[in-house]
Amino acid sequence: MTLAGDNLTRVKRTNRSALLRALHQNGAMSRKRLAQALSLTPAAITKITADMLHEGLIRERGTLATMLREMEERGFDGGLAIIDLCLNK
């Protein structure tokens, strides 16, 4: 008999492994692409990546401020800035 907590732990571990595998195989990816590739909700990706960023397992490639400045320098006055996630090497 498996307890609910055991299942939750197993799902969390499986999702984290899948996310790391996706980054390893594809290189840097946005949270949106990760959610699509792994068939997870954006909220799940946000939670998983926040934990992994805090643990130092992954890192953000660039910051929002840096990307917005680069967009402004190229003549973009707004829009969506994507911060890719990649493995922390």
Side-chain angles (χ1 to χ4, degrees):
M1 179 174 169
T2 303
L3 302 174
D6 291 338
N7 283 337
L8 185 58
T9 301
R10 188 174 309 132
V11 168
K12 182 178 179 179
R13 189 174 338 127
T14 299
N15 288 342
R16 287 168 57 102
S17 295
L19 189 143
L20 287 172
R21 193 174 321 108
L23 291 175
H24 179 72
Q25 291 173 346
N26 300 301
M29 297 174 72
S30 68
R31 287 173 177 85
K32 181 178 179 178
R33 277 190 57 211
L34 282 166
Q36 292 169 342
L38 301 177
S39 299
L40 295 172
T41 65
I45 292 296
T46 296
K47 172 68 174 129
I48 294 165
T49 57
D51 291 345
M52 295 175 84
L53 284 164
H54 180 73
E55 295 167 16
L57 295 173
I58 60 174
R59 63 180 169 85
E60 291 181 328
R61 191 180 69 177
T63 63
L64 183 56
T66 301
M67 295 185 86
L68 289 174
R69 186 176 63 249
E70 289 174 1
M71 288 171 64
E72 185 177 315
E73 289 171 358
R74 293 183 194 145
F76 295 102
D77 60 355
L80 178 64
I82 303 295
I83 300 175
D84 287 342
L85 298 163
C86 55
L87 293 173
N88 197 6
K89 295 182 180 180

S.K.: Hey, could you give me the NZ/OG1 distance between Lys47 and Thr41, rounded to the nearest 0.5 Å?
M.R.: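 The distance works out to 12.5 Å.
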
S.K.: Between atom OG of Ser30 and atom CD of Gln36, what is the distance when rounded to the nearest 0.5 Å?
M.R.: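 Result: 7.5 Å between the selected atoms.
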
S.K.: To check you understand the geometry: which heavy-atom pair defines the closest contact between Leu38 and Ala22, and what is its length?
M.R.: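 Answer, listing the atom of Leu38 first, then Ala22: CD2-CB, 4.3 Å.
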
S.K.: Give me the one residue out of Thr14, Ile48, Leu40 that meets side chain to side chain contact (heavy atoms under 4.5 Å, CB included) with Leu19.
M.R.: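 Checked Thr14, Ile48, Leu40 against Leu19; only one passes side chain to side chain contact (heavy atoms under 4.5 Å, CB included): Ile48.
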
S.K.: Nearest 0.5 angstrom please: Arg16 CZ to Thr49 OG1, how far?
M.R.: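 The CZ atom of Arg16 sits 10.5 Å away from the OG1 atom of Thr49.
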
S.K.: How many angstroms lie between atom CG of Leu34 and atom OG1 of Thr46, to the nearest 0.5 angstrom?
M.R.: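 One gets 10.5 Å once the value is rounded to the nearest 0.5 Å.
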
S.K.: From the options Leu53, Asp51, Ile58, select the one residue that forms a side chain to side chain contact (heavy atoms under 4.5 Å, CB included) with Glu55.
M.R.: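 The option that passes is Asp51.
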
S.K.: Considering non-hydrogen atoms only, spot the tightest contact between Met29 and Ala37 and give its length.
M.R.: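 Distance-wise, the nearest heavy atoms are CE-CB, 4.1 Å.
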
